[in-house]
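Everything on this sheet refers to the single structure shown next.
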There are 4 protein chains.
Amino acid sequence: MSSSATVELLGITPNAERLIEEAGRTCYLSFDKMGDDSHKRFIRMIIKNGHHSVLEHASATFRIKGGSRSFTHQIVRHRMASFSQQSQRYVDEHGFQVVTPGSIEQNPEALKVFNEAVAHCREAYAKLKAMDIRKEDARFVLPNAATSEIVITANFREWRHIIDMRTEKGAQWEIREISEQILKELAKHAPTVFEDMAQA
Amino acid sequence: MSSSATVELLGITPNAERLIEEAGRTCYLSFDKMGDDSHKRFIRMIIKNGHHSVLEHASATFRIKGGSRSFTHQIVRHRMASFSQQSQRYVDEHGFQVVTPGSIEQNPEALKVFNEAVAHCREAYAKLKAMDIRKEDARFVLPNAATSEIVITANFREWRHIIDMRTEKGAQWEIREISEQILKELAKHAPTVFEDMAQA
Amino acid sequence: MSSSATVELLGITPNAERLIEEAGRTCYLSFDKMGDDSHKRFIRMIIKNGHHSVLEHASATFRIKGGSRSFTHQIVRHRMASFSQQSQRYVDEHGFQVVTPGSIEQNPEALKVFNEAVAHCREAYAKLKAMDIRKEDARFVLPNAATSEIVITANFREWRHIIDMRTEKGAQWEIREISEQILKELAKHAPTVFEDMAQA
Amino acid sequence: MSSSATVELLGITPNAERLIEEAGRTCYLSFDKMGDDSHKRFIRMIIKNGHHSVLEHASATFRIKGGSRSFTHQIVRHRMASFSQQSQRYVDEHGFQVVTPGSIEQNPEALKVFNEAVAHCREAYAKLKAMDIRKEDARFVLPNAATSEIVITANFREWRHIIDMRTEKGAQWEIREISEQILKELAKHAPTVFEDMAQA
C-alpha cells in the first residue's frame with residue numbers, strides 16, 4: 001500500500017530551464033548559441049558531462065503533509081536543502097495523525113496491536129498535558145508513526161541527488177514513495193532536467 | 001534533573017590550537033610571529049575580529065549515548081556536521097532505553113502515565129516483531145523517548161555555533177544539557193578557542 | 001570612485017515574502033493567522049528572533065558583469081551559494097576588460113603605470129595564443145584586474161549574510177560596491193526581508 | 001613538466017581508519033564485530049555500498065605552496081572544505097613567485113614573452129606601491145601566474161570527491177598534479193580509504 005502523504009509544489013523557479021541555460025552559458029560566454037529550444041540541448045549536455053553545478057540556479061519548494069517523524073528524521077539529513085518543520089515543542093499534538101506501514105495495515109492482528117499502541121500514546125499525551133506537563137516534554141510519548149508537516153526547498157542538483165538516493169531499491173518505502181511524488185512534480189515543470197530520472 | 005546522556009570524546013585534532021595558528025597565519029604570511037604561546041594571542045584575535053573560518057581547520061568527534069530521538073532529530077539539523085546514528089531500520093529495538101523528562105520524573109502521577117505508555121510501546125514492538133513485521137515498520141510504534149546513539153563530528157567553528165545556539169535560555173533542556181557537556185570537553189582540549197563560551 | 005560592475009537580477013522567487021510566511025508557519029501550524037499583510041509581521045518576527053532558516057525558502061539570482069578576478073576569487077568563498085563563472089580555460093580573453101581601482105584612476109602617474117602593465121599583459125596573451133599556447137596556459141599572464149562575468153544564486157538568508165559581511169567598513173571596496181547594488185535590488189523585491197539592512 | 005607546488009600534510013585524524021569504524025558501527029550497533037583488522041573490511045564495505053558519510057569523521061589538512069592564483073581560484077570552489085589563503089590585501093607581493101606552465105617553459109620564445117610579462121607586472125606593482133597605492137589596489141596588476149599559499153582542510157569523503165574530479169583526464173594540469181600529490185599522502189596515512197583511487 002502507499003503512503004498517505006501528499007506532496008504540494010509551493011514554488012518553483014519561473015522559466016527554470018531557461019534560467020539554467022542563461023546562467024550556465026556564462027562559463028563559455030556562448031550566449032550567441034541561444035535559441036528557442038537551445039536550453040534542452042544545453043541541459044542535456046551539462047548533465048551528460050557532469051557539470052551539475054549549473055542546475056543549482058533553479059530550485060523548488062514542496063509542502064509534504066502526512067509523512068511520519070521517521071520520514072522527516074531521514075529527510076532532514078540532506079544538508080543542501082532548507083526545512084521548516086512542524087515543531088512538537090510548539091504545536092499541540094493531542095489530535096496527531098499516524099502513518100500506518102503497509103505491512104501492518106495488511107495484517108489484521110498487527111493492525112490491532114499498532115492501533116492500540118497509538119491509542120495508548122494518544123491517551124498518555126492527553127493525560128500528561130492535563131497534568132500541566134509542557135508540550136516539549138509530553139511529546140516524549142508520541143510514536144514515530146505520528147505525522148509531521150514539513151516544507152522543503154532544494155535546488156535542482158540537490159533534488160536530483162535526493163531522488164537518486166531515495167528512490168532506489170534499498171530505500172525505505174515511505175521516503176521512496178514521497179520522493180517519487182516529488183519527481184513527478186518536478187518532471188512536469190522542468191522536464192529536461194528530470195527526464196532521465198522520470199523514465200528510469 | 002539532568003539528562004542521562006553521556007558524552008564521550010572519540011577524537012580531536014592533535015595540537016589543535018597550534019594547527020589553527022599555523023593555518024591562519026597563511027593569510028598574512030606572519031609565521032615569524034610564532035612563539036611558544038603565540039597561538040593563544042592569535043586565536044583570541046581572530047575570534048574577536050570575526051575571522052572564524054580559521055577555526056574550521058580543527059575538529060572533534062563525540063559519541064553521545066542516551067539521547068532521545070527528539071534530541072537527535074534536532075541535532076541533525078546542523079548541516080555543517082557529520083553524523084552516524086543508530087538506525088532503527090537495522091538495530092533490533094526490543095530492549096530500547098528511554099529518556100524521561102525531569103518534569104515527568106518529578107511528578108509521580110505523570111511518571112506512571114509515562115512508564116505505562118513506554119511499556120505499551122515496548123510490548124507492541126515485540127508483538128509486531130513476533131508477527132514477522134520488519135524492524136523498519138515495527139519501529140513506527142517506538143516513542144520519541146527512545147534513546148538513539150549518535151556520533152557527531154564538527155569543526156571548531158561549527159561546535160561554537162552549535163553550542164551558542166543550543167545552550168541559550170530558550171533551547172530545549174535535553175539538547176542544552178548535552179551541548180553543555182560537549183562544551184566542557186572542548187574547553188579542556190582547546191581552552192583558548194572555547195574559553196569565552198565556557199566562562200559565560 | 002565606483003566600480004564599473006553592473007548587477008542584473010536574473011530571477012527571484014515569485015511572491016517571496018508570502019512563500020516565506022507559508023513555509024515558516026509550518027513550524028507552528030499557525031496558518032489561521034495569515035491575512036493580507038501578515039507576512040510582514042511574520043518576517044519581522046523571525047528576523048528579530050534569529051529564526052533565519054525560514055528565509056532560505058526564497059532565493060535570487062544575479063548576473064554580475066565587470067567585476068575583477070580579485071572580486072570573483074573573494075565572492076566564491078561563500079559556500080552556501082551557487083556560481084557559474086566565465087572560464088579563462090574556455091573563453092578567449094584577447095579582448096579582456098579591466099577594473100581600474102579608484103586610487104589608481106585618480107592618480108595620473110599611477111594610471112599610466114597601470115595601463116601600461118595591462119597593455120603588456122594583453123600583448124603577451126596575444127603572442128602566446130599566436131604561438132599555439134592553449135588558453136588555459138596563456139591566461140597565466142592575465143592580471144587580477146581582468147573582468148570575469150559571474151552568475152550567483154543564493155537564498156535570502158545567505159544574501160543577508162553576504163551583504164552583512166561584504167558591506168561593512170573593513171570590506172574591500174569592489175566587493176562592497178557590488179554587494180550594495182545587490183542589496184538595493186533585493187530590497188526592491190523583498191522589502192521586509194531586507195529593510196533593516198537597506199536602512200543601515 | 002610538473003608543477004613546482006609542494007604539498008605538506010599539516011595534520012590528519014589520528015587512527016583515522018579505526019575512528020571511521022567506531023563511528024560507522026554506531027548505525028548498526030555492531031561493535032562486537034570489531035577486531036584487529038576489522039576496520040579494513042568495514043571501510044571497504046561502506047565504500048562499496050555508497051555509505052560514504054561515515055568517511056566524514058576523519059579529515060586531513062594540507063599546506064600547498066607554489067600553486068598559482070588560477071589554481072586557488074579553482075580549488076576554493078569546493079564548498080565542503082575549509083581554506084586559509086595568503087591574502088593579496090595584507091601580504092606585500094613585491095617578490096611574488098610564479099608558476100610557469102609546461103607548454104610555455106618548453107617553448108623558448110613563449111618563455112621569453114611570459115617572463116617579460118611577469119617582469120613588467122612586478123615592476124608595475126613596485127611602482128604603484130612606491131606611489132602609496134595600497135596593496136589591495138596595487139595587486140590588480142598581479143598575474144594569475146603569481147603563487148598563493150593555501151591551507152586546506154577537508155574530510156575524507158570530500159577529499160575523495162576532490163581527487164575524483166580533479167585527477168581526471170579533463171582536469172587542468174596544475175590542479176591535477178597537486179591533487180595527485182595529495183592522494184599520495186592520503187594513501188600513506190589512510191590506505192584502505194584511498195586504495196581504490198591510488199591504484200586507479
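Per chain, numbering begins at 1; letters A, B, ... match sequence-line order.
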Output the residues of residues 119-127 of chain C for which the shortest heavy-atom distance to chain D is under 4.5 Å, in residue-number order; output 'none' if no such residue exists.
C:His120, C:Cys121, C:Ala124, C:Lys127
Would you check if there is a donor-acceptor pair between the side chains of D:Ser68 and D:Glu174 at a distance under 3.5 Å?
yes
Heavy-atom neighbours of D:Glu116 CD exceed 12 at 6.0 Å
yes
Salt bridge or not between D:Glu21 and D:Arg18? Use side-chain N to carboxylate O under 4.0 Å.
yes
Exactly one candidate in D:Arg134, D:Lys135, D:Arg139 meets salt bridge (Lys or Arg N to Asp or Glu O under 4.0 Å) with D:Asp137; the answer is D:Arg134
How would you list, by chain and number, every residue that makes a side-chain contact (heavy atoms from CB on, under 4.5 Å) with D:His189, sequence neighbours excluded?
D:Leu9, D:Ile12, D:Glu185
Residue, of D:Asn107, D:Asp132, D:Val141, D:Val118, that accumulates the most heavy atom pairs under 4.5 Å with chain C:
D:Val141
Looking at C:Lys129 and C:Glu93, does any basic side-chain N land under 4.0 Å from a carboxylate oxygen?
no
Can you tell which part of D:Glu109 gets under 4.5 Å to a heavy atom of chain C, answering side chain, backbone, both or neither?
both
Donor-acceptor pair, side chain of C:Asn144 and main chain of C:Ser70, under 3.5 angstrom:
no
Ring geometry between D:Phe140 and C:Trp173 (parallel below 30°, tilted from 30 to 60°, perpendicular above 60°)
parallel
Treating D:Gln172 as the side-chain partner and C:Arg89 as the backbone partner, does any N or O pair qualify as donor plus acceptor under 3.5 Å?
no
Whatever's closer than 4.5 Å to a heavy atom in chain C on D:Leu142 counts as both
State which residues pass ring pair (Phe, Tyr, Trp, His ring centres under 6.0 Å) with C:His73; sequence neighbours excluded, sorted by chain then number.
D:His73
Could you check if a side-chain atom of C:Ile64 sits within less than 4.5 angstrom of a side-chain atom of C:Ile182, using non-hydrogen atoms only?
yes
By number, which residues in residues 145-171 of chain C have some heavy atom less than 4.5 Å away from chain D?
C:Ala145, C:Gly170, C:Ala171
Looking at C:Ser87, C:Ala138, C:Pro143, which has the largest count of heavy-atom pairs under 4.5 Å with chain D?
C:Pro143
Less than 4.5 Å to any heavy atom of chain C: does that hold for the side chain of D:Ala81, its backbone, both, or neither?
backbone
Before accepting this row, confirm whether a basic side-chain N of the pair C:Glu180/C:Lys184 lies closer than 4.0 Å to the acidic partner's carboxylate O.
no
